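Worksheet: the structure to be examined is printed underneath.
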Amino acid sequence: MDRRKLLGAAAIAVPAIAGAALISDLDFGSDPRAEVTEGFSGQAEEVSGDAATTQNAAPPVVGVQFHGTWDMYWNGTTPNAMFYKHLDTLAENGVQVIRLDVGWSSAQPTNVAPTASQWYHQRVNTVLDQARSRGMQVFVTIHQSPAWSRPNTGSEVKQYPTDPNSIKPWLTFFASTYGSKILAIEVWNEPNLAEFCGISDAYQRAVKYVPILKASYAAIKAGRSSLPVIFAGPSQTDDVFIKDCYTNGAKGNFDIMGVHPYQGNQMKAPESTDITGKARMTNMPAIINLMAQNGDSAKPIWWTEFGFSVHSNDAVPAGQVWLNGVPDEQTAASYISRSYYLAWQQYPQVKLAVTYCGYKTPSDSLGHQYGFRIMEADGTAKPQLKALQSIRQAFGTLQKL
């Protein structure tokens with residue numbers, strides 16, 4: 001069977017269009033986790049000649065977010081049965097890479113030199129070893145600042161440290177100690193959102209992020225010079241935030257561009273071009289061109305997080321489309337498959353795509369966060385994970401990172 005047909009086999013057929021803009025007339029349902037609205041203006045640019053590259057022989061590498069350090073998986077420093085079962089399920093379903101979120105606030109809660117014997121570092125090391133033993137590679141996303149690094153700022157750990165350089169000792173230790181076991185380090189999570197940096201002004205989020213990126217890049221390279229650094233994936237295809245970061249000196253301080261291409265309204269299919277701007281996955285050319293304009297066209301792009309939540313929209317407040325969910329698992333599976341297809345056909349710079357997420361416990365009244373899970377507590381693979389397995393079955397080994 002044709003591999004392109006196999007890729008689209010999860011639920012809804014994939015549009016077989018190459019070399020042209022993909023326009024979907026489907027409007028099923030699903031939305032991202034972002035704090036945005038649908039009112040975006042500005043036309044996404046065509047991919048310029050400088051940004052164009054040869055189409056890949058296969059879709060991006062298959063990745064999944066795994067919250068492996070979270071308490072739901074642990075009894076102290078001992079993993080529980082669900083931890084092992086979930087890693088087994090991911091590996092059995094063809095996942096090649098897992099994204100592991102690592103909290104600086106947990107790893108260095110006091111301003112003393114970090115050690116590998118600290119309880120949280122023990123958890124991190126166990127996740128790395130267990131994932132690798134199952135044939136999966138790992139990259140980590142570092143985020144969350146300890147209280148000592150941001151005095152008099154309250155209890156919210158998602159804020160930036162007061163002094164960006166305060167992260168350096170821990171990150172150098174981390175890169176030196178665990179760098180041989182990981183693919184790369186992503187510096188922070190969705191820094192274009194106030195939720196993840198504590199800054200209300202959109203431009204200032206970029207202004208304040210760049211010093212964190214610079215300090216982290218220097219620290220990581222000091223610990224392991226060959227370890228790639230990932231620009232923190234902004235929520236959605238936010239080319240404006242990335243442009244603002246370039247303006248403030250981001251160039252030369254990352255090796256991989258991270259993006260979280262959530263749909264501003266998940267009820268829109270991945271190929272949807274009903275609007276332009278960051279609320280659509282199809283705004284990727286704006287980022288690709290921006291990188292080319294800054295001399296970074298040779299750098300790879302990793303979709304370090306994207307996904308589709310399954311839940312009813314009956315209780316979603318009017319106008320808050322970013323909280324929508326797709327109606328069923330089959331739709332989510334199809335949209336995930338089609339996202340890989342879209343990247344493969346249209347954005348060859350995208351080398352890795354990480355589906356959010358392996359598993360989460362129920363945590364909100366709408367079920368939006370819980371709805372992103374692609375397997376159950378008992379390790380049962382949902383159609384979304386089976387869709388990733390189908391990609392691996394159709395293509396075997398995918399791109400090289």
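Since we're looking at a predicted model, the values are computed, not measured. Index from 1, following the sequence.
A donor-acceptor pair is defined here as one N or O able to donate and one able to accept, closer than 3.5 Å; no such pair exists between the side chain of D296 and the backbone of K299. In this structure, the side chain of Q122 does not engage the main chain of T126 through any donor-acceptor pair within 3.5 Å. One N or O on the side chain of T172 and one on the backbone of A219 form a donor-acceptor pair closer than 3.5 Å. Remark: the backbone N or O of S200 is paired with a side-chain donor or acceptor of R205 at under 3.5 angstrom. Side chain of N93 to main chain of K386: no donor-acceptor pair is present (N/O by atom type, distance under 3.5 Å, no hydrogens or angles).
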Test D163 against K168 for salt bridge (charged side-chain N to carboxylate O under 4.0 Å, His left out), laying out the working first. CA-CA 10 Å; D163 177 5; K168 282 185 170 182; over 6 Å; no
Under the side-chain contact (heavy atoms from CB on, under 4.5 Å) rule, what do H368 and W322 come out as? Steps first, then yes or no, please. CA-CA 10 Å; H368 192 64; W322 56 91; over 6 Å; no
I would like to know whether M284 and L342 meet side-chain contact (heavy atoms from CB on, under 4.5 Å); could you show each step before the answer? CA-CA 10 Å; M284 277 301 302; L342 180 63; over 6 Å; no
Let me see the working for Q349 and M291 under side-chain contact (heavy atoms from CB on, under 4.5 Å), right down to the final yes or no. CA-CA 11 Å; Q349 296 87 349; M291 292 176 66; over 6 Å; no
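P109 approaches Q118 most closely through the heavy-atom pair CD-NE2, 3.8 Å. Looking at every heavy atom in both residues, A58 comes nearest to Q399 through O-NE2, 3.1 Å. A pairwise comparison of heavy atoms in T361 and Y370 identifies C-CD1, 3.6 Å as the closest pair.
A ring-ring contact (aromatic ring centres under 6.0 Å, His included) with F231 is found for one member of W302, Y246, Y217, Y209 and no other, namely Y209. Partner H67 forms a ring-ring contact (aromatic ring centres under 6.0 Å, His included) with one of Y356, F372, Y359 and no other, that one being Y356.
Judged by distance alone, the side chains of Q263 and K268 never bring a donor and an acceptor atom under 3.5 Å apart. There is a side-chain donor-acceptor pair under 3.5 Å between Y262 and E305. Between the side chains of D101 and Q144, no donor-acceptor pair of N or O atoms lies under 3.5 Å.
Under a cut-off of 6.0 angstrom, the local environment of NZ in K208 is sparse, with at most 12 non-hydrogen atoms contributed by other residues, nucleotides or ligands. Within a 6.0 Å radius of NZ in K181, other residues, nucleotides and ligands contribute more than 12 heavy atoms.
In this structure, CD1 on I220 lies 6.5 Å from CD1 on I142, to the nearest 0.5 angstrom. Annotation: the span from K351 atom NZ to K400 atom NZ amounts to 12.0 Å, rounded to 0.5 Å. Rounding to the nearest 0.5 Å places NZ of K158 at 9.5 Å from CD of E190. Between atom CG of residue L183 and atom CD1 of residue I98 there is a gap of 10.0 Å, rounded to the nearest 0.5 Å. Separating the CG atom in N75 from the CG atom in N80 is a distance of 5.5 Å, to the nearest 0.5 Å. The OG1 atom of T304 lies 7.5 Å from the CG atom of N189; values are rounded to the nearest 0.5 Å.
With sequence neighbours left out, D244 forms a salt bridge (charged side-chain N to carboxylate O under 4.0 Å, His left out) with no residue at all.
T237 has its side chain out of reach of R280: every pair of non-hydrogen atoms, C-beta onward, lies at least 4.5 Å apart. Between Y347 and P285 the shortest side-chain heavy-atom distance falls below 4.5 Å. Between V62 and F395, every side-chain heavy-atom pair lies at or beyond the 4.5 Å cut-off. The shortest side-chain heavy-atom distance between V102 and F174 falls under the 4.5 Å cut-off. V229 places none of its side-chain heavy atoms less than 4.5 Å from the side chain of S216. No side-chain heavy atom of P228 sits under 4.5 Å from any side-chain heavy atom of F139. Residues F308 and P270 are in side-chain contact: their nearest non-hydrogen atoms beyond the backbone lie under 4.5 Å apart.
Between F173 and H121, the ring planes are tilted. Angles from 30° to 60° get that label. Between Y341 and W344, the angle of the ring planes goes over 60°, which puts this pair in the perpendicular group of the 30/60° scheme.
In summary, the aromatic rings of W188 and Y160 are positioned with their centroids under 6.0 Å apart.
A salt bridge does not link K85 with D378: every distance from a Lys NZ or Arg NE/NH1/NH2 to an Asp or Glu carboxylate oxygen is 4.0 Å or more.
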